[in-house]
Protein chains: 2
Amino acid sequence: MALDLDESKMVSPSAEAESTTLANEAFERLRADIISSRLAPGTKLRLHNLREAYGLGLSPLREALSRLSENRLVVATGQRGFRVREASVQDIMDIAMVRKEVEGFALRLSIRYGDDSWEAELVAARHKLALVERAGREVAEDLWEARHREFHHTLVSACQSPCLLHLQRILSDQFDRYRRLSAQSRIPNAPRSLIHKEILEAALARDADRAVTLLGDHISEATKLIVAGLSAPQESRKKTARTPKTGSTR
Amino acid sequence: MALDLDESKMVSPSAEAESTTLANEAFERLRADIISSRLAPGTKLRLHNLREAYGLGLSPLREALSRLSENRLVVATGQRGFRVREASVQDIMDIAMVRKEVEGFALRLSIRYGDDSWEAELVAARHKLALVERAGREVAEDLWEARHREFHHTLVSACQSPCLLHLQRILSDQFDRYRRLSAQSRIPNAPRSLIHKEILEAALARDADRAVTLLGDHISEATKLIVAGLSAPQESRKKTARTPKTGSTR
DNA sequence: TTCCACCCGATTTTCGATATTTTGGAACCA
DNA sequence: TGGTTCCAAAATATCGAAAATCGGGTGGAA
């Protein structure tokens with residue numbers, strides 16, 4: 001489960017050699033499984049099942065779920081446990097609007113403060129993204145997601161604001177979940193790379209207004225596709241973890 | 001401990017009758033104690049001490065601390081436990097900048113979408129704030145904080161964006177902690193209410209540009225005071241929970 | 001029939017006991 | 001003296017059992 005892409009170091013703020021804990025592992029795996037829709041929206045997250053599935057004790061799992069609920073990927077209800085946050089058109093449109101604002105602001109700052117190595121990282125990230133887009137299609141959906149995320153993260157990474165980066169991560173996580181979700185019933189990608197190239201060029205030219213506008217368009221465009229995919233009949237490609245346990249009556 | 005103001009229903013999104021858990025209680029109490037600086041920045045949060053102080057088991061406490069760490073009030077380090085997030089001038093300036101942007105955006109939306117009862121709530125919130133400002137001074141610092149927070153929350157509450165409200169809460173929490181922190185070594189408040197009245201009036205007049213500008217000024221002004229208070233020699237008013245160890249000393 | 005109180009199995013939540021890791025300092029070399 | 005290594009004390013992280021709680025179904029009364 002939770003296939004661990006090499007590149008999915010994901011957006012971990014300041015990477016120090018920090019001995020990890022099981023709770024952290026649980027957090028990362030659950031997060032990945034929810035974002036990738038391996039755990040479908042609305043799925044009841046029974047502790048007992050998770051214990052079996054991930055081979056972890058209850059405490060680390062509860063800790064992880066608590067953290068995820070603060071990130072709006074999981075909903076925790078009083079004495080009724082946890083479930084994967086429900087998906088809705090209204091919700092994704094809300095998220096998109098906020099992301100546009102926050103990521104736009106961060107991009108503006110990044111363009112103001114970014115130095116040479118930021119530019120270099122940006123070029124590199126966009127190149128890796130282009131490579132995976134030119135090559136395989138669906139084969140590498142996970143890889144595409146990872147590189148796409150990395151590109152967007154690099155875009156804002158020079159904004160000099162840990163706080164903003166934190167918010168951006170929360171928003172990306174939610175947005176990416178919807179993308180993956182709607183991708184299940186959608187033809188692959190349009191010529192996406194084009195817009196990324198344009199954003200890159202605007203950023204390198206330090207044209208903040210243009211870059212932010214392009215980024216906004218990009219997000220709006222993606223949101224439109226996502227909404228379309230959500231409304232479309234869900235091609236169920238898998239029985240995603242609908243409390244598989246069995247045995248008893250009913 | 002953790003004096004529970006009547007008004008501190010705080011910003012709880014959709015208030016439903018939901019049976020609470022000990023973990024939730026721990027979260028609220030720790031959050032309140034950190035924001036109010038009863039737990040000073042940098043304080044090591046030893047689980048055994050907390051267990052004693054709050055009379056709770058380890059699991060609820062760990063859960064609460066995990067959640068708080070996602071809210072940037074607590075820092076969790078690998079196998080080295082938790083501590084209250086350190087305070088710094090750089091950090092508060094970062095927070096203030098982001099809050100200005102996010103809350104400004106939310107206010108703009110609120111002004112667009114707010115209806116009659118929003119206006120009414122706004123007037124009411126500002127009135128309660130004015131009352132507490134006119135009356136006692138330091139006596140009611142907690143009360144002032146609660147009503148101030150409520151006023152700001154009401155300002156943005158009509159923005160129709162749960163996502164934005166979530167971010168606003170995270171930012172307010174952090175900002176408020178700094179205010180309380182620096183208030184320890186600062187003369188009380190300037191004529192703050194004036195600016196609130198101006199914001200209120202701009203909002204009622206549906207003058208979004210003016211309201212957002214005023215709000216921005218308000219935040220900048222507050223930040224200036226906070227930074228001044230932070231740099232000033234800390235009048236230590238209490239040995240704030242430096243791993244007290246021995247029996248109950250008040 | 002409809003409503004309501006009660007009960008049972010399933011699930012969540014909490015607790016205290018272990019296992020694991022870090023920390024601080026004493027002993028030990030160059 | 002300065003710098004390692006190693007050990008014991010202390011703290012964290014994890015586990016599984018016990019307690020609390022929920023949801024649904026049953027049966028009795030109006």
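Throughout, a chain's letter reflects where its sequence line sits, starting with A, and its residues are numbered from 1.
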Are there any protein N/O atoms within less than 3.5 Å of an N/O atom in nucleotides 14-17 of chain C, and if so, which ones and at what distance?
{"residue": "C/dT14", "atom": "OP1", "partner": "B/Leu22", "partner atom": "N", "Å": "2.2"}
{"residue": "C/dT14", "atom": "OP1", "partner": "B/Ala23", "partner atom": "N", "Å": "3.4"}
{"residue": "C/dC15", "atom": "OP2", "partner": "B/Gly57", "partner atom": "N", "Å": "2.8"}
{"residue": "C/dC15", "atom": "N4", "partner": "B/Ser59", "partner atom": "OG", "Å": "3.0"}
{"residue": "C/dG16", "atom": "OP2", "partner": "B/Arg51", "partner atom": "NH1", "Å": "3.3"}

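A salt bridge between B/Arg147 and B/Glu150 is absent, with no side-chain N of the basic residue lying under 4.0 Å from a carboxylate O of the acidic one.
Look at CZ on A/Arg46: it is 6 Å from P on C/dT12, rounded to the nearest Å. When rounded to the nearest whole Å, the span between CG of B/Asn49 and C1' of D/dA10 equals 12 Å. Taking atom NE2 of A/His48 as the reference point, atom P of D/dC15 lies 14 Å away to the nearest angstrom. Here C/dT12 presents its C1' atom at 13 Å from CG of A/Leu45, a figure rounded to the nearest Å. Whole-Å rounding puts the A/Leu50 CG to C/dT13 C1' distance at 15 Å. At whole-Å resolution of the value, CG in A/Leu47 and C1' in C/dA10 are 13 Å apart. Look at CD on A/Glu52: it is 13 Å from P on D/dG16, rounded to the nearest Å. B/Glu25 has its CD atom 14 Å from the C1' atom of D/dA20, to the nearest Å.
Counting heavy-atom neighbours within 6.0 Å of B/Asp115 CG, excluding the residue itself, gives a total above 12.
Residues passing the side chain to side chain donor-acceptor pair (under 3.5 Å) test with B/Arg62, sequence neighbours excluded: A/Glu63. Residues satisfying the side chain to side chain donor-acceptor pair (under 3.5 Å) test with A/Asp94, not counting sequence neighbours, are B/Ser161.
With B/Arg85 contributing its side chain and B/Arg72 its backbone, the two residues share a donor-acceptor pair below 3.5 Å. With hydrogens and angles ignored, the 3.5 Å screen pairs no side-chain donor or acceptor of B/Trp118 with any backbone N or O of B/Tyr113.
Phosphate proximity of D/dT12 to B/Lys44: present, with a side-chain N or O under 4.0 Å from OP1 or OP2.
Among the protein residues, A/Leu61 comes within range of no part of the nucleic acid, since none of its heavy atoms lies under 4.0 Å from any strand.
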